[in-house]
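The structure appears below as structure tokens.
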Amino acid sequence: MFWAALFLPLLGGLFILSYGQRLGRKLSVSLACGTVGAAFVSALLTFFFPPSEPDQVLFRWLDLGAARVDFGAWIDPLSITMLLTVTGVAYLIHLYSAGYMAEEPEFARFFGYLNLFVAAMVMLVLANNFALLLLGWAGVGFASCMLIGFYAHKQSALIAARKAFVINTFGDLGLMLAVFVLANQGSVAFRDVLQAPSDELAIVVVVGLLVAAYAKSAQFPLHTWLPDAMEGPTPVSALIHAATMVTAGVYLLARCEPLLRLVAEMGSLIAALGLLSAALAASCALAQTDLKRVLAYSTMSQLGYMFMACGVGAYGAAIFHLVTHAFFKALLFLCAGSIIHALHGEQDMFKMGGLARRSELAGPRWGFLIGGLALAGLPPLAGYFSKEEILTAIEQNAMTDSLFLGALLTAALTAFYVGRAYILVFWGPAEHGELHRPTALMSLACWVLALLTAGAGLVLGFPGSPALGAYLRTAPIPTHLGTGLLISLGTAIPGMLLAYFMFARTRPQGPSSAAVFRLAEKGWALDEVQRLAIIAPMQMMGRLLGGRLEDVASHRLPEQVGQTAVRSGQELGLSQSGLLRTYALVLLTALLGVMTYLLWQVRA
Amino acid sequence: MSSELFTRVAQLVAPLSPELCLLLAALCALMTDMVGQRSVRRIRMVVWVASLAAVFCSLALMTGPLPISLFSRQPAPELELTPSSYIVDSLALSLKALIGLLTALAVWLSEDAFDEERSNAGEYYSLIAFAGLGMTVAVSANEFLTFFIAFELFSIPLYALAAIRRYRSESAEAGLKYFLAGSVSSALMLFGISWVYGSLGTTYFSEFPARFTQVASMPHALLVGVLMILAGLAFKMAAAPFHMWAPDVYEGAPPTVVAYLSSAPKAVIIGFCLRLFWADLDLESDLLRVSLADGWMLVFAVLSLLSMGLGNLMALPQVSLKRILAYSGIAQIGYLLIGVTAAGGQTATMAAGATLFYLWIYCVTNLTSWAALLACLPSDSTYQRGELAGLAQRNPFVAFVLLISFMSLAGVPPLAGFVGKFYLFRAIYAAGMPWLVVVGVVNSVISLYYYFGVLRTAYFDPPLPDSPPIRVKLGVRVVLVIGTAASLILGLWPGFALWSLETAQTLFVGR
């Protein structure tokens with residue numbers, strides 16, 4: 001039944017892409033939502049009636065000598081958790097999109113790719129081997145690129161799509177490297193690789209997997225595509241660039257835990273880079289003016305937390321945070337989308353303000369508040385429990401205390417930037433004219449997500465009885481309610497208070513012009529660094545090669561070769577006289593030639 | 001008594017059911033015509049139903065105990081085995097299924113293709129069925145004379161089919177050329193058989209190894225004989241340098257007929273090469289300085305090299321679609337011969353499986369390409385490349401079929417042709433001839449030029465002002481859908497064809 005979760009969105013997406021425009025808006029939107037809803041139902045059924053064996057082979061897919069590749073699923077608690085999260089959030093965001101994209105003329109392209117994305121993501125989390133995982137991995141990258149560049153009339157959207165694609169393809173290369181090494185060792189199936197991992201070349205495999213995970217999950221230094229990806233429609237940002245696709249890296253690390261264990265020293269590196277990404281992104285988030293870019297940096301920062309958890313070996317905590325983050329970040333994005341929709345596309349926070357007084361936006365306001373408090377890590381919201389688990393795990397397992405201190409500081413920064421965003425958007429004096437009211441479907445999706453954000457933590461991860469941890473069968477992390485509360489309040493409250501004093505008392509008219517802020521807004525100029533260090537040398541090499549060498553090597557030489565081939569074909573064609581006696585002569589000559597040769601060979 | 005008789009008849013009939021299906025269809029078509037009941041549709045239906053029944057029977061037999069030997073002879077006193085002239089094994093059955101499918105496709109393709117089809121329906125369809133019958137017998141032949149008779153049984157109807165538009169000079173010329181060239185090949189083969197018989201004293205394949213150790217004093221005569229047989233076979237499948245008749249015949253004969261005669265006979269010959277050379281003629285002897293197996297591998301490798309090279313190069317300057325496909329067919333035989341070569345090496349099972357797999361893909365894709373051309377060109381067309389201009393706008397479906405078929409023939413991933421070539425190259429690499437992989441890959445690159453030249457015309461050239469509208473008949477549409485689906489499915493899911501790989505295992509059991 002879990003196959004329905006893959007094939008329904010896939011077929012739906014292909015059908016909508018081919019015939020959606022002719023089918024009409026209503027039918028294709030219902031088809032898109034229906035197939036994803038059905039996928040969610042099948043995920044639920046899989047949860048309640050899991051198969052007895054994790055390895056479920058549908059058919060043999062490729063046969064490459066030693067390495068045989070099955071088309072199959074690996075159904076264990078981890079993949080069921082991912083499947084439920086992905087299809088559930090995707091279903092809500094599909095519903096939201098039905099309202100959000102109500103006036104989009106090219107709805108078929110949007111919903112078709114959105115469905116294809118869901119199918120690829122499901123394939124990614126269900127795959128029972130690395131080759132199939134790669135298929136899903138590349139598939140989500142492709143769908144993401146098509147959706148970032150959805151507004152094809154905007155040059156910036158196209159450039160962002162290209163950037164996302166290039167960096168993600170770099171990640172795919174890492175995964176491919178891992179797959180090829182594994183295939184060379186005999187098998188790419190999880191059954192073989194994860195249950196009996198081989199030491200040989202493990203470092204290459206792990207590095208390949210890490211490169212893939214870092215590119216997909218926008219971790220330093222492969223993160224620069226994520227803020228730009230906000231050029232896509234807001235539901236896309238919510239689904240792909242917050243809740244699901246970017247978390248694939250965390251899933252990959254959790255899935256490949258046995259492999260990562262082989263290279264023990266990698267853990268500290270993963271944790272350190274995770275902290276770096278988290279802190280870097282948080283610092284960028286507090287200087288942004290664009291609401292969506294705040295959320296994008298915040299996503300990167302939260303993913304940094306998950307990588308830190310993976311680095312210290314707390315995979316259960318990472319997955320827990322992945323799930324709660326999917327809820328509250330999707331909620332934040334959808335509320336931000338409703339606000340942007342209401343303001344006719346305005347994304348600059350300094351031009352918003354005063355929205356708390358508008359009754360039309362009461363829903364998004366409360367939603368944003370709940371999501372923001374969850375992001376800041378206040379109890380009893382979902383974000384509190386999962387972040388708590390990660391912080392405790394870091395405190396207990398990390399090599400140095402500085403990791404823990406860094407994580408705490410980042411948590412305070414998180415509270416600060418989310419408070420800043422809330423104050424700038426909803427408080428203050430600004431007046432707005434006519435507002436676009438969010439439709440019922442949009443509100444419904446937001447309310448369900450708000451409910452999940454409020455309740456999921458209590459249900460899944462209450463300290464002492466972590467339901468998700470037990471389900472995933474990970475080692476429990478002994479958290480204490482008291483110290484947890486203390487840590488959480490000790491970081492979140494000061495951060496929010498600081499935001500209150502800086503922005504609520506005297507509302508600034510624009511972003512601070514201090515150099516350090518401007519630098520932070522530009523993401524610490526890492527784009528420029530990349531441009532100078534990687535792109536510029538490549539372009540220079542391209543110009544160098546493109547000048548003379550290219551003319552000879554890829555124009556004149558192939559031209560010559562091609563013409564020679566065609567000319568030789570023409571000359572050979574002359575032998576084709578149409579006369580049967582010529583043909584018979586050629587035949588007999590050839591026969592005699594071969595005969596003479598072979599007889600001469602056996603003569604002695 | 002009667003039940004015993006029934007069992008014995010059933011034992012004889014069941015293994016021959018594919019052949020009997022086609023025989024009944026052929027006779028039925030002929031009779032209907034003679035009685036004067038000229039219902040074209042009914043005759044056509046009889047033949048395609050019978051062909052599909054033959055496919056079904058072959059597949060069903062594959063699940064039973066194999067191999068089945070029929071028509072056994074008393075064993076020679078000095079040898080202990082019982083030679084039989086007819087064998088039903090998984091190699092034969094998989095080829096019978098392919099031949100049945102190709103026959104059915106050819107019948108669908110012929111719907112209202114030209115006038116004779118209307119006036120001489122019985123003749124036309126019974127000839128197709130007889131050719132199919134001959135081929136199904138030929139792939140089971142386990143003895144030279146049986147094979148030769150079956151060979152003639154499918155060749156002669158094909159000569160007649162090539163000339164079926166006898167009022168047109170080019171069709172008559174094609175038929176005559178095909179007949180004369182085919183006669184030369186038959187004569188060569190028969191002559192070769194007599195040399196083999198003269199040196200070994202038997203025509204039963206299963207007796208060859210034992211006989212050879214007894215009478216090993218004259219390998220020269222054996223060598224000459226086998227070479228002549230090989231030349232005859234190479235002639236029939238148009239492998240270079242025995243290929244020259246093919247472009248002329250393909251150009252003149254009716255396209256529906258060419259679609260059939262350019263695919264099905266190749267399946268028979270390639271299958272027979274596998275059976276003859278690697279199952280029974282692999283003779284080790286100290287007398288030969290070159291081990292004979294290595295010698296045959298070299299001969300096949302040279303045939304393959306020449307076919308790929310000449311076929312692809314000569315296709316480059318062509319503008320006639322028929323000649324492009326003819327030369328492309330010669331090149332494709334070269335790829336198939338890579339597999340036959342590899343089957344002589346250490347990894348025979350893998351190579352034979354790869355060859356069968358590619359054979360299926362090539363035959364179906366080749367027939368689909370002809371069907372696509374037939375669908376979009378008028379019946380009086382001269383098949384110039386320019387006539388395809390603007391096909392993508394005039395009929396996107398046919399253009400898409402042509403795109404998939406040609407890309408599959410050229411070996412572009414993720415289509416079936418790519419997977420097939422990949423398996424072939426892997427087999428020949430494992431057999432220790434990596435240079436043939438290089439040749440094969442270079443040739444695939446060359447072939448892209450002419451395949452894409454046709455596609456460029458179909459997709460990027462504007463339509464000619466007076467191009468007639470394209471209406472695709474139901475039968476042709478069925479062929480197009482089946483062929484395209486096969487290219488896509490086998491490309492995306494090569495595991496589907498696994499059973500054809502396993503087919504080879506039964507053949508090479510004990511090796």
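All chains are named by letter (A, B, ...) in the order of the sequence lines, taking the proteins before the strands, and each is independently numbered beginning at 1.
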**Item:** Max heavy-atom pair count under 4.5 Å with chain B, selected residue of A:Gly562, A:Ala565, A:Ala590
**Value:**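 Between A:Gly562, A:Ala565, A:Ala590, the count favours A:Ala565.
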
Using non-hydrogen atoms and a 4.5 Å limit, figure out which bit of [X] sits close to chain A: side chain, backbone, both or neither.
{"X": "B:Leu306", "value": "neither"}
{"X": "B:Val224", "value": "both"}
{"X": "B:Tyr450", "value": "neither"}

**Item:** Pairing residues for A:Thr35 by the side chain to side chain donor-acceptor pair (under 3.5 Å) criterion, not counting sequence neighbours
**Value:**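 If we apply the side chain to side chain donor-acceptor pair (under 3.5 Å) test to A:Thr35, skipping adjacent residues, the hits are A:Asn115.
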
**Asked** Can you list every side chain to side chain donor-acceptor pair (under 3.5 Å) pair that touches residues 178-188 of chain B, not counting sequence neighbours?
**Response**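 Applying side chain to side chain donor-acceptor pair (under 3.5 Å) to every pair that reaches into residues 178-188 of chain B, excluding sequence neighbours, yields B:Glu152-B:Ser186.
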
**Message:** Under a 4.0 Å threshold between the charged nitrogen and the carboxylate oxygen, would B:Asp248 count as salt-bridged to B:Lys322?
**Reply:**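 Salt bridge flag = no for B:Asp248 with B:Lys322.
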
**Prompt:** Does any donor atom in the side chain of A:Asp55 or A:Trp74 lie under 3.5 Å from an acceptor atom in the other side chain?
**Reply:**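 On atom types as modelled, these side chains do not qualify, holding no pair under 3.5 Å.
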
